[in-house]
Amino acid sequence: MSVIRLGYVHVRVTDLARARDHYQNTLGMDAVHEEDGRVYLKSWDEDNHHSVVLEEGGVGLVKFGYKVTGEDSLAALENRVAGFGATAERMSKGDNAGVGDGLRVTLPSEHVLELYSEVEYLGTKVGKINPDPWPRTGLRGIGVPRINHALITTEDPALLERFFAEVLGFRPAERLVSGDEPGDLVGSWMFCGENPHDIAFVNGPNGKLHHFAYQIDDWSALLRAGDVMSMDEVPIDFGPARHGITRGGTIYFFDPSGNRNEVFSGGYRTGADFRPITWTMDQAARGINYTHREIDQDFLQVVT
Amino acid sequence: MPHITVGPDGPAIDVPPGETIVEGLRRVGWRARYRCRGGGCGICKCPLVDGAVTYPGPVAESALSAAERSAGLCLPCQAVPLGDVVIEQRGRPLRPMLASAPRVAAPIREEK
Ligand code: FES
Ligand SMILES: [Fe+2]
């Protein structure tokens, strides 16, 4: 088994109608399925059934899913999770609309992470035969092509890094440290393919979401995304700016319920032989916001 | 017009009826401590020393619980004064800013 990518993020929203408006009309996702108090959405360049689920009631992360290759049995994966001392249960086809059987893991950070290999194929909006680079009609707002990564908080970053490495085969691309001891890890940006990160986590309360991000083409797409946010009165957290960590371009903003979103562009390629980059705390602000070299403490503290 | 007083030594301003405390302060050049402006993150939470507010928009229980409300806390990003109010921003002074107010009360759009 190997992990392919972040498949979906399932978040709570205080007001489903306002949330739908943001995710459908400002971000440009399409609703593919609805059931009592939940909407499932997909971006135009994604193949699989959905990548975001909005659930009415509260705010914050319900769970997130990573798609895995199917050759390994779920039992073997279950054993690895148990061997690490974490808990998991089987999830069944239909627990999530469009998603098959899988494993529901409670991370050492108390987040719920689902692993699955079977998911309904809906296809992108441009198709797979002589496709246009983007859909000529039907894009709304920013027109985000796909989700990319999530950043969560944990009381024990070193433990969570070990979990993602040993159980799921992730590697750290960048590490923020406060000293030389293993326990001095403040944050880790980890990848499963060749992205600079597919999951990231920083020190903070267990079970919380800092943000999840959409990947967009480049810096000019980022600037255009910022235009749409201004037109739609979206509260901005910071950006456009460049990250030192991952080298991506970024705008952080909030959905109408207060969940933080990001549009992210660029970033370098990693891979199995990539040697991790280290950031020290005295340069942490530059790591997060390379352009401004300062960040508001509330940016770090606010999670949902 | 409802009158907002920010303690201990903040400004006192009038806001049009229906405007949130954060938006009212922004419009006249003050940035209170806020982040999401959506009633979700809780970072704007502060004591409501006097007066009453209403919440026309959504507020997450995790951002402001019922117990916190009855203990006299409010969420200025969503709170709309019902008459004159006094809020307390001790230890987190307002910052002067030039801010552009939202141009329209954004309606919820149909998916096109
Ligand atoms: S700013 Fe987030 S709840 Fe008020
Ligand atoms: Fe990010």
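Proteins get letters first, then strands, A, B, ... in listed order; numbering begins at 1 in each.
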Just one of A:R12, A:R20, A:K63 clears the salt bridge (charged side-chain N to carboxylate O under 4.0 Å, His left out) bar with A:E55, so which one?
A:R12
Give a yes or no on whether the backbone of A:I147 and the side-chain of A:E46 come within a donor-acceptor separation of less than 3.5 Å.
yes
Please check if the side chain of B:R31 supplies one atom and the backbone of B:Y34 the other of a donor-acceptor pair under 3.5 Å.
yes
Could you tell me which portion of A:S257 (side chain, backbone, both or neither) has an atom closer than 4.5 angstrom to a non-hydrogen atom of chain B?
backbone
Using heavy-atom distances under 4.5 Å, tell me whether A:F299 contacts chain B through its side chain, its backbone, both, or neither.
both
Between A:L160 and A:P108, the two heavy atoms sitting closest are CD1-CD, 3.8 Å
Looking at A:D298, A:D237, A:T14, which one has more heavy-atom pairs under 4.5 Å with chain B than the rest?
A:D298
I'd like to verify something: which residue of A:V59, A:D255, A:V302 has the highest number of heavy-atom pairs under 4.5 Å with chain B?
A:V302
